[in-house]
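Heavy-atom basis, side chains included; hydrogens, waters and symmetry copies ignored.
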Amino acid sequence: MMCIELLFISPGHNFVGHHGGPPGEHPLLLMEQVECVAGRGLRGDRYCEREAGHKGQITFFSLDVFDALRREMNLPDARPQATRRNAFMRGVDLNSLIGKQFEIQGVRFEGVEESKPCNWMNLAVGPGAREWLQGRGGLRCRILSDGVLRVRPRPGSD
């Protein structure tokens, strides 16, 4: 079973459309749950208002990959939200879901392509992050059904 450990949305772009200039300052908002809108994206997220059917309606990222990045690149202060991905999980080979449909918490997704790390990764995450993340930058997906994703309950929380 695939469990979501962290969920983020952002109301605006910090890097897309900022080439040659400084990044934007839109926060990434940590969420306990997000509404998935089929064919659009995550309600409240910067990509939800794009054209219907775009391929980056939600991005998944592996916390296992992120832990390895922090360790191998000596970036102990790096934070997952710096990657600007939406849903973080462990124990899943996200690249194996490219071209496949899958379901998490009753919401259906289609894995479209790797979420390739952009030039801004070295600034946002840390020196060398972009190169290190090649081939493991996460998974861009289309949302195929409406629903709500929730963060996995933490042990001891009610």
> How long is the span from the CD atom in Glu114 to the CG atom in Leu97, to the nearest 0.5 Å?
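Output value for this atom pair is 13.0 Å.
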
> Could you see if Ile98 belongs to whatever hydrophobic cluster contains Val112? Use Ile, Leu, Val, Met, Phe, Trp, Tyr and a side-chain cutoff under 4.5 Å.
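No, separate clusters.
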
> Hey, does Val125 have a side-chain heavy atom less than 4.5 Å from the side chain of Arg130?
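Not touching, per the 4.5 Å side-chain cut-off.
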
> Hey, quick one: are Phe60 and Met2 part of the same hydrophobic cluster, counting side-chain heavy atoms closer than 4.5 Å, chains of contacts allowed?
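The answer is yes; both residues are in one hydrophobic cluster.
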
> Using side chain to side chain donor-acceptor pair (under 3.5 Å), reason through Ser62 and Arg136 one step at a time and then give a plain yes or no.
CA-CA 8 Å; Ser62 168; Arg136 47 192 164 185; over 6 Å; no

> How far does SG of Cys36 sit from CZ of Arg142, to the nearest 0.5 angstrom?
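These two atoms lie 15.5 Å from each other.
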
> For Ser10 and Leu28, work out which heavy atoms get closest and say how close.
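For Ser10 versus Leu28, the nearest heavy atoms are CB-CD1, 3.3 Å.
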
> Within this structure, what is the CD-CD distance for the pair Glu110 and Gln57, rounded to the nearest 0.5 Å?
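That separation rounds to 9.0 Å.
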
> Got a donor-acceptor contact below 3.5 angstrom from the Arg152 side chain to the Glu5 backbone?
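Checking the backbone N and O of Glu5 against the side chain of Arg152, no donor-acceptor pair under 3.5 Å is found.
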
> Between Pro117 and Gln134, which heavy-atom pair has the shortest distance, and what is it?
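Looking at all heavy atoms of both residues, the closest pair is CG-NE2, 3.5 Å.
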
> Ile4 and Phe88: side-chain contact (heavy atoms from CB on, under 4.5 Å), yes or no, with the steps?
CA-CA 6 Å; Ile4 306 287; Phe88 291 78; over 6 Å; no

> Any chain of hydrophobic side-chain contacts (each under 4.5 Å) joining Val92 to Leu7?
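As far as the 4.5 Å side-chain criterion goes, Leu7 and Val92 are connected within one cluster.
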
> Among residues at least two apart in sequence or on other chains, which ones pass side-chain contact (heavy atoms from CB on, under 4.5 Å) with Ala38?
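Testing Ala38 for side-chain contact (heavy atoms from CB on, under 4.5 Å), a comparison that skips the adjacent residues, returns Asp146.
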
> Donor-acceptor pair, distance only, cut-off 3.5 Å: does the side chain of Asp45 make one with the backbone of Ile9?
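Not a single qualifying donor-acceptor pair exists.
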
> Contact between Trp132 and Leu75 at the side-chain level, heavy atoms closer than 4.5 Å - yes or no?
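A side-chain contact under 4.5 Å is absent here.
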
> Among all residues two or more places apart in sequence or in another chain, which pass the side chain to side chain donor-acceptor pair (under 3.5 Å) test with Ser115?
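Scan of Ser115 (side chain to side chain donor-acceptor pair (under 3.5 Å), adjacent residues dropped) gives Arg85.
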
> Judged by atom type as modelled, is there a donor-acceptor pair below 3.5 Å linking the side chain of Asn86 to the main-chain atoms of Thr59?
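Confirmed, Asn86 side chain pairs with Thr59 backbone.
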
> Measure the spacing between CZ of Arg40 and CD of Glu35 and express it to the nearest 0.5 Å.
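Result: 13.0 Å between the selected atoms.
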
> How long is the span from the CE atom in Met121 to the CG atom in Leu69, to the nearest 0.5 Å?
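Output value for this atom pair is 9.0 Å.
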
> Testing the basics here: between Cys141 and Gly111, what is the closest heavy-atom pair and its distance to 0.1 Å?
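Result for this residue pair: SG-CA, 3.8 Å.
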
> Measure the CG-CZ distance between Leu133 and Phe61 for me, rounded to the nearest 0.5 Å.
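Rounded to the nearest 0.5 Å, the CG-CZ separation comes to 5.0 Å.
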
> Test of understanding: clusters of I, L, V, M, F, W, Y form through side-chain heavy atoms closer than 4.5 Å, transitively. Do Met89 and Val151 belong to the same one?
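In one cluster: yes.
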
> Apply the test side-chain contact (heavy atoms from CB on, under 4.5 Å) to residues Leu42 and Cys48: give CA-CA distance (whole Å), side-chain angles for both, the deciding distance (0.1 Å), then the verdict.
CA-CA 6 Å; Leu42 304 177; Cys48 195; 5.8 Å; no

> Hey, can you pull the donor-acceptor pairs under 3.5 Å for the side chains in residues 99-106, sequence neighbours left out?
residue: Lys100; atom: NZ; partner: Ser96; partner atom: O; Å: 3.2
residue: Gln105; atom: OE1; partner: Arg150; partner atom: N; Å: 2.6
residue: Gln105; atom: NE2; partner: Arg150; partner atom: O; Å: 2.8

> Do you know the tightest heavy-atom contact between Pro80 and Leu63?
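For Pro80 versus Leu63, the nearest heavy atoms are CG-CD2, 4.0 Å.
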
> Compare all side-chain heavy atoms of Ile143 with those of Phe109 and state whether any distance is below 4.5 angstrom.
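In short, these two side chains touch, coming nearer than 4.5 Å.
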
> Please name the pair of heavy atoms, one in Ala124 and one in Ala82, separated by the smallest distance, quoted to 0.1 Å.
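That closest heavy-atom pairing would be O-CB, 3.4 Å.
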
> Under 4.5 Å between side-chain heavy atoms, counting indirect links through other Ile/Leu/Val/Met/Phe/Trp/Tyr residues: same cluster for Val148 and Val37 or not?
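No: no chain of side-chain contacts under 4.5 Å links Val148 to Val37.
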
